[in-house]
Amino acid sequence: MRSDQIRQGRLAGERSAGIEHFLASMDADRRIAEVDILVDMAHLLGLRRRGIIDEAPARALMAALLDFHDDGLPAEAFDERYEDVHAGKEACLIGRVGEDIGGRLHMGRSRNDEVATCVRIRLKQEIIDLVRSLAGLRATLLDLAGEHLETVMPGFTHMQHAQPTTLAHYLLAYEQAFSRDTSRLREASARVDVSPLGSAAFASTGFPLDRDYTARLLGFTRPAANSMDAVAARDFAIEVLGDIAVCMTTASRLCEELILWSTSFIGFVNLDDAYCSSSSIMPQKKNPDVAEIMRAKAGTAAGALIAAIAITKGLPMSYNRDLQELTVHLWRGVDVAGECIPLLSGMIGTAAFDVERMAAEAGRGFSTATELADVLVRDYGLPFRTAHRIVGRAVRHGSLDLSTLEAAAQEAAGISVVDLGVTDERIGAVLDPRHAVAVRTITGGPAPAAVAVQLEEQRELLDRDAAWAEETDEALSRAFDDLISESRRMIT
Ligand code: ARG
C-alpha cells in the first residue's frame with residue numbers, strides 16, 4: 001500500500017484509522033467514481049488540446065483511465081487513507097504509470113472543482129430519473145382519473161364532509177402537485193447544468209485551460225462563470241433537496257390519505273396486500289406499512305434539506321471541507337424520492353377503490369347544502385348571505401326537507417321559501433350529489449367535462465416532461481459516448 005501522495009510533502013506522521021475514517025468520503029464517492037473518470041478524461045483531453053501536456057504522457061494516462069473506465073476503479077482507490085476517490089484514483093494512476101506520468105494529470109485542477117463537477121453530473125442524471133419516476137406516478141394518477149370521471153365521493157375540509165366531488169377530481173389534484181414538482185426539478189436541472197471544471201481550488205489557474213471545451217465534453221451547457229462560486233456554491237444541491245422535500249411532502253399527504261381511507265371507518269380504498277403488513281399478535285390485521293414508512297421518509301427528505309442548509313449557512317468563501325458532508329445528505333434525499341415515488345405509483349395503481357362506499361358518503365353531512373343555498377340565490381333571487389343563513393338554520397334543525405327549510409326561512413329571515421316557489425321536487429333534485437358535481441362545470445371544477453379538460457392538459461404536460469427526460473438523457477449519453485470515443489482516439 002502506497003502512502004497518501006497529497007499529505008507527503010507538507011504533513012508528517014501516520015494517522016489513526018479513526019481519523020482516516022472520519023475524514024473519508026468514500027461511501028458517498030462510490031456514486032461519483034464512474035463520472036470522476038470521465039472528468040479526468042475531459043481534463044486530460046483539454047490539457048492535450050492546449051499543449052499543456054505532451055503526447056506521450058497524455059497517451060499513457062489516457063490508456064490507464066480507459067482501463068479504469070472499462071474495468072472499474074481498483075479497490076485501492078476507495079481505501080480510506082486517501083480520504084476521497086479523487087486522491088485514491090490518482091494514487092492508483094501513479095502506481096500504474098509512475099509519478100513522472102501519473103503525476104501530471106492534476107495540473108490546473110483541484111479536488112474542489114473536480115468534486116463539484118462530479119456531483120453536478122451525477123445530480124443531472126438523478127434529476128432525469130426522478131422526472132421519469134414522477135412521470136410514472138403521474139401517468140398512474142391520470143389513467144385512474146380517466147376511469148373515475150363519474151365516481152362521486154365526498155370532498156372534505158377540516159376533515160368534515162364538505163361538498164361532493166369525484167375521484168377523478170381528487171386524483172388530478174395530486175397529479176397537479178406532482179407535475180409542479182416535475183417542472184421545479186427541470187428548472188433546477190438548468191442551474192445544475194454548469195461546469196465547475198477549470199476553477200481549480202477557487203482562483204482558476206494560470207494554465208491556459210479551455211473551459212468551454214471540457215464543459216462541452218462533459219455534456220454541460222456552459223462553464224460556471226465565476227471560479228470561486230463554482231467551487232463554493234451548493235445552492236444547486238439545496239434547491240434540488242428543496243424540490244425533493246416539497247415533492248415528498250405531497251407524497252406523504254397522499255400516503256396519509258391512503259392510510260385514512262383504508263381504515264374501516266372510511267373504507268374508501270383497499271390497498272393491495274403487497275403494500276401491507278400484518279401483526280405478530282393480531283391475526284386479523286392488515287396494516288398500510290408502505291404508506292406509513294413513506295410518510296416517515298418525507299421527514300427524512302425534509303431532514304436532508306435542513307441538514308444541507310445548516311451545513312452551508314456558516315461557510316465563508318470558498319471551498320470548505322464541510323461541503324463533503326453535505327453531499328451525503330444530497331444523495332440521501334435523492335434516494336428517498338427515487339425509492340418512494342415508484343412505490344407510490346405501484347401502491348395507487350393496484351389499490352381497489354370502493355366506489356359504492358364513496359357514493360354512499362358523497363351526500364352525507366349535508367354536503368349538498370352549499371348547492372341548495374346557491375339554488376335559492378340563482379333560481380329564487382335571494383341574497384347569498386340570506387340563503388346561507390336559512391340553509392344553515394335548517395341544518396341546525398336536522399333536515400333540508402321543504403317543511404324544515406320553510407320553518408328555517410321564517411325563523412332566520414322572516415320569509416317564506418314556499419311563496420318563492422321552492423318545491424319538494426326541486427329540493428330533491430338539488431340535494432343529489434351528482435347534481436352538485438354536474439353544475440360545477442367551470443375551469444378547474446369537478447364536473448366530468450371540466451375534469452376531462454384538465455386530464456387532457458395534464459396528459460400533454462406529462463408527455464412533454466417525459467420527452468424532456470428522454471432527450472436530456474440521450475444528450476448526456478451522447479456526450480459521454482463522444483468523450484470516450486475522443487479519449488480512445490488519443491491512444492490509437
Ligand atoms: N471529498 C471532498 C468533497 O467531497 C473533495 C474535495 C476535497 N478538497 C479538499 N480541499 N480537501 O468535498
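Counting starts at 1 for both ligands and their atoms, in listed order. We count residues from 1, following the sequence as given. None of the values given here were measured: they were computed from a predicted structure.
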Checklist entry - Is a side-chain N or O of Arg211 found less than 3.5 angstrom from the main chain of Ala224, in a donor-acceptor match? => result yes
Item to check | Ile293 atom CD1, neighbour heavy-atom count above 12 within 6.0 Å | outcome: no
Checklist entry - With distance as the sole test, does His329 use its side chain to make a donor-acceptor pair with the main-chain N or O of Gly303 at under 3.5 Å? => result no
Checklist entry - Are any non-hydrogen side-chain atoms of Glu175 and Gln454 less than 4.5 angstrom apart? => result no
Checklist entry - Has the side chain of Arg234 got a donor or acceptor atom that lies under 3.5 Å from a matching backbone atom of Leu323? => result no
Please give the N or O to N or O pairs under 3.5 Å between ligand 1 and the protein, distances rounded to 0.1 Å.
from: ligand 1; atom 1: 1 (N); to: Ser25; atom 2: OG; distance (Å): 3.2
from: ligand 1; atom 1: 1 (N); to: Asp84; atom 2: OD2; distance (Å): 2.9
from: ligand 1; atom 1: 1 (N); to: Gln324; atom 2: OE1; distance (Å): 2.8
from: ligand 1; atom 1: 8 (N); to: Asn112; atom 2: OD1; distance (Å): 2.9
from: ligand 1; atom 1: 10 (N); to: Asn112; atom 2: OD1; distance (Å): 3.2
from: ligand 1; atom 1: 11 (N); to: Arg111; atom 2: NH2; distance (Å): 3.4
from: ligand 1; atom 1: 12 (O); to: Tyr319; atom 2: OH; distance (Å): 2.5

Next on the checklist: Atom CD of residue position Glu470 - does it have more than 12 heavy atoms of other residues, nucleotides or ligands inside 6.0 Å?
Outcome noted: yes
